[in-house]
Amino acid sequence: MARTKEFDIDEALERAMNAFWSHGYASTSMHDLVEAMQIQRGSLYGTFGDKQTLFRLAYERYDARRQRGMKSERPPIEAIRAWFSKLVEEGCATNGTRGCFIVNTALELEMHDEAMRDSVAKSLTSIEAFFFDNIRSGQKDGSIDVGLDARKTAQSMLSCVIGLRVLSRSRPERTLLQNIADSAVAPIL
């Protein structure tokens, strides 16, 4: 007879996500994960597999949450501004120095891990698509200049997101982060 799980899988995965997010893949040991997840080593392996698989699951959890957070019924300019405002607030928060799990993973990524590289590329592409789609919607409704290159502006906004998230790790200064957000949004105003 199989033993029933004596822990909440969802809660354990949330704790693993936070451990990886705070310390990165390489600096998070299996011992760290067992401690953070508050489960036995055998349960970790039996439920989640190896460290790499657990990391992928944690990454997917974070990315799914990020995608839900980007959905908006706001007008295009407001949606973009609101998202940058959220990034500034997160960057200035007490735990803001851990940055963004996606950006952290991109910076730590080992070149031979093609699956994670593809996952990060897909995540970054979806952030760019959020900007692009909102810019195009704004151009259609007349709130954004139709002469603006939507693709280049979306890519520029993506680079500002990455810069803001990286800087929030070492310089979580509201004025600095707000200046980056303001510069990112300026072309659509």
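- Among pairs with a residue in residues 67-87, those fulfilling ring-ring contact (aromatic ring centres under 6.0 Å, His included) read W83-F130, W83-F131, F84-F131, at least two apart in sequence or across chains.
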| query | Can you check side-chain contact (heavy atoms from CB on, under 4.5 Å) on I80 and I135, steps first, answer last? | reply | CA-CA 9 Å; I80 293 171; I135 292 166; 4.1 Å; yes

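- Contact annotation: the side chain of M37 approaches that of F48 to within less than 4.5 Å [non-hydrogen atoms, C-beta and beyond].
- Counting all heavy atoms, side chain and backbone alike, R66 lies closest to S126 at NH2-OG, 2.7 Å.
- When all heavy atoms of A19 and T28 are compared, the closest pair comes out as O-OG1, 3.5 Å.
- A donor-acceptor pair shorter than 3.5 Å can be found between the side chains of S123 and Y59.
- Looking only at side-chain heavy atoms (C-beta outward), R151 and E128 come within less than 4.5 Å of each other.
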| task | Report the C-alpha separation of K122 and D118 in whole Å, then their side-chain angles, then the decisive distance to 0.1 Å, and conclude whether the side-chain contact (heavy atoms from CB on, under 4.5 Å) test is met. | result | CA-CA 6 Å; K122 183 178 175 184; D118 290 346; over 6 Å; no

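- Residues I144 and N134 form no side-chain contact, since every pair of their non-hydrogen atoms from C-beta on lies 4.5 Å or further apart.
- Ion pair E90/K86 flagged as a salt bridge, since at least one NZ, NE, NH1 or NH2 atom sits closer than 4.0 Å to an Asp/Glu carboxylate oxygen.
- For the pair M157 and F132, the minimum side-chain heavy-atom distance is 4.5 Å or more.
- Partners of R65 under the salt bridge (Lys or Arg N to Asp or Glu O under 4.0 Å) rule, at least two apart in sequence or in another chain, are E14.
- With values rounded to the nearest 0.5 angstrom, R56 atom CZ is found 11.0 Å from T105 atom OG1.
- At least one side-chain heavy atom of R169 sits less than 4.5 Å from a side-chain heavy atom of N104.
- Residue P76 comes nearest to S137 through the heavy atom pair CG-CB, 3.7 Å, listed as atom of the first residue, atom of the second, then distance.
- The shortest side-chain heavy-atom distance between R81 and L189 falls under the 4.5 Å cut-off.
- The CG atom of L177 sits 12.0 Å away from the OG atom of S85 when rounded to the nearest 0.5 Å.
- Side chain of Q139 to main chain of L148: a donor-acceptor pair is present (N/O by atom type, distance under 3.5 Å, no hydrogens or angles).
- Taking each heavy atom of C100 and Y62 in turn, the nearest pair found is SG-OH, 3.3 Å.
- The shortest side-chain heavy-atom distance between M17 and L13 does not fall under the 4.5 Å cut-off.
- D32 and K51 are not joined by a salt bridge, as no carboxylate oxygen comes within less than 4.0 angstrom of a charged side-chain nitrogen.
- Here CD of Q155 is found 13.5 Å from CD1 of I127. Values are rounded to the nearest 0.5 Å.
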| query | Does the side-chain contact (heavy atoms from CB on, under 4.5 Å) test come out yes or no for L33 and M30, once each step is laid out? | reply | CA-CA 5 Å; L33 290 166; M30 289 305 285; 3.9 Å; yes

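- Across all non-hydrogen atoms, the minimal contact from A26 to E108 is N-OE2, 2.8 Å.
- Taking 4.0 Å as the cut-off between side-chain N and carboxylate O, D10 and R61 count as a salt-bridged pair.
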| query | How far apart are the C-alpha atoms of H31 and R41, what are their side-chain angles, what is the distance that settles it, and do they pass the side-chain contact (heavy atoms from CB on, under 4.5 Å) test? | reply | CA-CA 8 Å; H31 175 76; R41 187 176 294 266; 4.1 Å; yes

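- Here the side chains of T47 and F7 are in contact, with some heavy-atom distance below 4.5 Å.
- Ring geometry for F20 against Y25 counts as parallel: the plane angle stays under 30°, on a 0 to 90° scale with 60° as the upper cut.
- At most 12 heavy atoms of other shown residues, nucleotides or ligands fall within 6.0 angstrom of atom CD in Q40.
- Checked by atom type and distance alone, the side chain of S156 never pairs as donor or acceptor with a backbone atom of K152 at under 3.5 Å.
- The nearest pair of heavy atoms linking C92 to P172 is SG-O, 4.1 Å.
- Atom CZ of R15 has more than 12 heavy atoms from other residues, nucleotides or ligands within 6.0 Å.
- Expressed to the nearest 0.5 Å, how far OG of S43 lies from CD of Q38 amounts to 13.0 Å.
- Between L164 atom CG and N179 atom CG the span is 10.5 Å, to the nearest 0.5 Å.
- We find the CD-CD1 distance between E11 and I9 to be 11.5 Å, quoted to the nearest 0.5 Å.
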